[in-house]
Amino acid sequence: MNDASDAARPNEAPEHFVREMIAADVASGKHGGRVVLRFPPEPNGYLHIGHGLRPITLNFGLAQEFGGRCNLRFDDTNPVAEEAEFVDAILADVRWLGFDWGEHLYYASDYFDQLYLWAEELIGKGLAYVCDLSSDEIREYQGTLTEPGRPSPYRDRSVAENLDLFRRMKAGDFEPGARVLRAKIDMASSVLPMRDPVLYRIVKASHHRTGDRWCIYPMYDFAHPLSDAIEGVTHSLCSLEFTDHRPLYDWCVENCSVPSRPEQTEFGRVGLTYTVMSKRWMKRLVEEGHVRGWDDPRMATLAAQRRRGVPPAAFRNLARDLGLTRRNITVELARYEHAIRTELNKTAPRVMAVLHPLKVVIENWPEGHVEEFEAVNNPEDPSAGTRKVPFSRELYIEQDDFLEDPPKKFFRLAPGREVRLRAACLVKCESVVKDASGRVTELRCTWDPATRGGDAPDGRRMQATLHWVSAAHAIPAEVRLYETLFSVEDPMGAAAEQGVEYTHFLNPKSETVLTGARVEPSLAGATPGAAYQFERLGYFAVDPDSKPGALVFGRTVTLRDEWAKVQKKGG
RNA sequence: UGGGGCGUCGUCUAACGGUAGGACAGCGGCCUUUGGAGCCGUGUGUGGAGGUUCGAAUCCUCCCGCCCCAGCCA
């Protein structure tokens with residue numbers, strides 16, 4: 001994790017309340033001075049940017065800082081929602097972000113036997129009972145935000161009867177919904193989760209790991225604190241919405257004979273503008289075909305960001321820079337993109353690619369003659385070296401880089417004007433060839449042999465430097481340009497406000513597929529996942545859709561673009 | 001409405017009773033063989049009202065606003 005990207009800001013991250021708390025606990029010898037954290041995803045879907053920017057980087061990062069460890073535990077207590085496929089995807093995402101759980105990969109389902117024993121312990125202590133109320137009835141008895149609940153008629157069953165019933169629940173004697181095991185706490189509590197919460201329910205579904213061995217499954221509120229205790233977790237970090245559950249977390253740990261005393265601390269979640277993060281809403285985008293799949297580069301999943309070419313270091317660095325508070329926050333897309341550019345600027349090799357080719361013929365360059373110019377691979381990193389780029393009589397430049405009648409602040413090529421071709425030479429536009437409709441189809445230029453390499457011996461300065469490829473040597477490639485999936489900052493908020501579906505705000509231009517692009521020949525062997533900067537255009541990654549001889553690039557993020565800004569202001 | 005959480009530039013975030021600072025965005029400029037990168041400059045933002053204090057973003061009181069909780073989801 002200490003790669004070059006952190007050089008500008010060595011080691012120490014800014015302080016925040018959780019770091020201070022852990023430091024204080026270590027100093028005071030609490031938990032024996034140990035630091036054990038955990039990242040506890042439920043394998044019921046894909047991880048998203050919010051996970052990458054907070055819980056993952058926070059837990060694994062703090063564990064590293066304090067020389068402790070971070071367990072990766074799947075909170076798989078609900079077989080109807082969970083699948084092994086998601087386990088694999090989550091593992092891959094965490095690994096991709098650069099974290100290692102070592103031997104500490106766990107599953108809450110591995111603790112089912114122990115959890116069951118603790119449930120019986122609670123029954124024995126008179127702290128839990130089997131309740132025959134239906135879920136509707138339980139809700140009725142629960143009261144409301146302002147009114148206290150009423151005790152279940154089954155609340156005072158004997159220990160023996162509870163034990164018998166619970167064992168029969170486990171044995172499969174009852175149907176789902178017939179009975180549940182509830183904690184006996186306080187039906188009048190102002191904290192709703194304390195009103196005799198359900199601890200176990202009957203579920204007759206196959207579990208991705210335990211199969212059909214169980215037909216009763218523990219609820220999160222029971223399984224989570226006890227799983228933490230089993231693993232010796234010292235600091236159980238979770239998001240704000242679990243704050244109300246903390247009293248119950250503590251109740252479980254206090255009333256079961258657990259081997260350790262973990263403590264829960266809550267932090268705020270991270271959201272991103274122009275995207276939707278929730279599982280349910282992302283799922284709809286996939287199912288309704290608005291995107292190519294869960295890893296479509298426009299999606300907010302980590303798998304999608306990886307495919308798009310986002311470097312994992314950008315996540316770690318941005319997560320660190322965001323700090324940590326007890327507030328749910330929304331990060332501006334620009335800040336996410338900034339983190340990506342900062343990283344890629346240091347690491348991505350530069351290369352030339354022409355997205356919308358415009359033919360250029362160098363009239364004073366001999367037919368059939370080829371020369372190789374030496375191009376710098378990364379001006380930010382001399383160790384990246386140089387490469388040879390072939391130059392010949394017929395080239396392609398970007399259509400956007402020529403205007404027959406240029407406006408004031410347009411510095412690029414125009415009739416009679418001279419510009420530099422990156423790493424090559426200076427060329428001057430002598431004339432323009434048009435088709436019958438008047439469209440410019442070709443530029444006739446001349447080059448100045450004295451400017452080989454790009455510098456003019458007489459010192460004349462160029463207003464612009466253009467990227468280019470040699471027509472005969474360039475490789476055709478498909479290039480996919482991405483913009484935000486939604487056209488408004490807060491799709492869910494806007495939908496609620498305007499009373500329309502959030503899909504109403506899908507950006508029709510979120511993906512543009514270009515099939516006529518040409519890239520320089522050095523890219524011939526590029527492999528999926530590789531990230532490049534297409535000079536003057538942006539950062540692009542080789543998409544896994546690429547096949548031998550048929551490269552597909554996807555745009556990770558554009559370069560900052562002053563000209564685009566000028567145009568926007570003028571238009 | 002009961003309980004809980006939270007209010008500092010547009011967005012994040014510092015300041016832990018002693019000059020409200022940084023990052024991103026924006027704006028202006030410099031530089032440039034990427035209109036990239038880099039560099040320089042640019043901001044009266046502490047939700048409100050009282051109070052305590054020599055001094056309050058920070059402590060107290062009241063008010064206002066936003067978020068979370070009434071799954072046999074996590």
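Chain naming here is simple, since letters A, B, ... match the order of the sequence lines and numbering starts at 1 in each. Not measured: the values here are computed from a predicted model.
The listed nucleotides are B:C12, B:G35, B:A74; the one nearest the side chain of A:D75 is B:A74.
Annotation: side chain of A:T243 is in contact with side chain of A:R326 (closest heavy-atom distance under 4.5 Å). Within the 4.5 Å cutoff, no side-chain heavy atoms of A:F411 are placed close to those of A:T465.
Electrostatic pairing of A:D196 and A:R155 counts as a salt bridge here, judged by a charged N lying under 4.0 Å from a carboxylate O.
For B:U13, the OP1/OP2 oxygens have a side-chain nitrogen or oxygen of A:R327 closer than 4.0 Å. Between A:R536 and B:G35 there is a side-chain N or O to OP1 or OP2 distance below 4.0 Å. Between A:R335 and B:U11 there is no side-chain N or O to OP1 or OP2 distance below 4.0 Å. For A:R461 and B:U32, the shortest distance from a side-chain N or O to OP1 or OP2 is below 4.0 Å. Note on A:T325: every side-chain N or O is 4.0 Å or more away from OP1 and OP2 of B:C6. Taking 4.0 angstrom as the limit, A:K565 places a side-chain polar atom (N or O) nearer than this to OP1 or OP2 of B:C27. A sub-4.0 Å separation between OP1 or OP2 of B:U34 and a side-chain N or O of A:H467 is absent. An OP1 or OP2 oxygen of B:C69 is reached within less than 4.0 angstrom by no side-chain nitrogen or oxygen of A:R195. Checking the phosphate oxygens (OP1, OP2) of B:G4, no side-chain nitrogen or oxygen of A:S190 falls inside 4.0 Å.
Straight-line distance between the C1' atoms of B:G26 and B:G45: roughly 16 Å, to the nearest whole Å. Across the P atoms, B:U8 and B:G3 are found 24 Å apart, a figure rounded to whole Å. A gap of 14 Å separates the P atoms of B:G51 and B:U58, to the nearest Å. Taking atom P on both B:C9 and B:A57, the two are 14 Å apart, rounded to the nearest angstrom.
Base pairing of B:A23: its partner is B:U11, meeting the Watson-Crick or G-U wobble criterion (both donor-acceptor distances under 3.5 Å).
Taking only distance into account, the side chain of A:Q567 never meets the base of B:G35 through a donor-acceptor pair shorter than 3.5 Å. Under 3.5 Å, the side chain of A:D244 and the base of B:G4 form no donor-acceptor pair of N or O atoms.
Here the rule is side chain to side chain contact (heavy atoms under 4.5 Å, CB included) with A:D228, and of A:R73, A:Q264, A:E263 only A:R73 fits it.
A:Q463 places its CD atom 17 Å from the C1' atom of B:G36, with the value rounded to the nearest Å. Look at CD on A:E266: it is 13 Å from P on B:G4, rounded to the nearest Å. Here the C1' atom of nucleotide B:G28 and the CD atom of A:E562 are 11 Å apart, to the nearest Å.
Counting non-hydrogen atoms of neighbouring residues, nucleotides and ligands closer than 6.0 angstrom, the CD atom of A:E497 reaches no more than 12 such neighbours.
An anti orientation is assigned to B:G4, its glycosidic angle lying beyond 90° of 0.
Where A:L537 and A:R560 meet RNA chain B, the nucleotide closest to each residue was compared, and A:L537 sits on the side nearer the 5' end. Two residues, A:R422 and A:M219, neighbour RNA chain B, and the one matched to the more 5' nucleotide by heavy-atom proximity is A:R422.
Note: A:Y249 and A:H224 have tilted aromatic rings, judged against thresholds of 30 and 60 degrees for the angle between ring planes.
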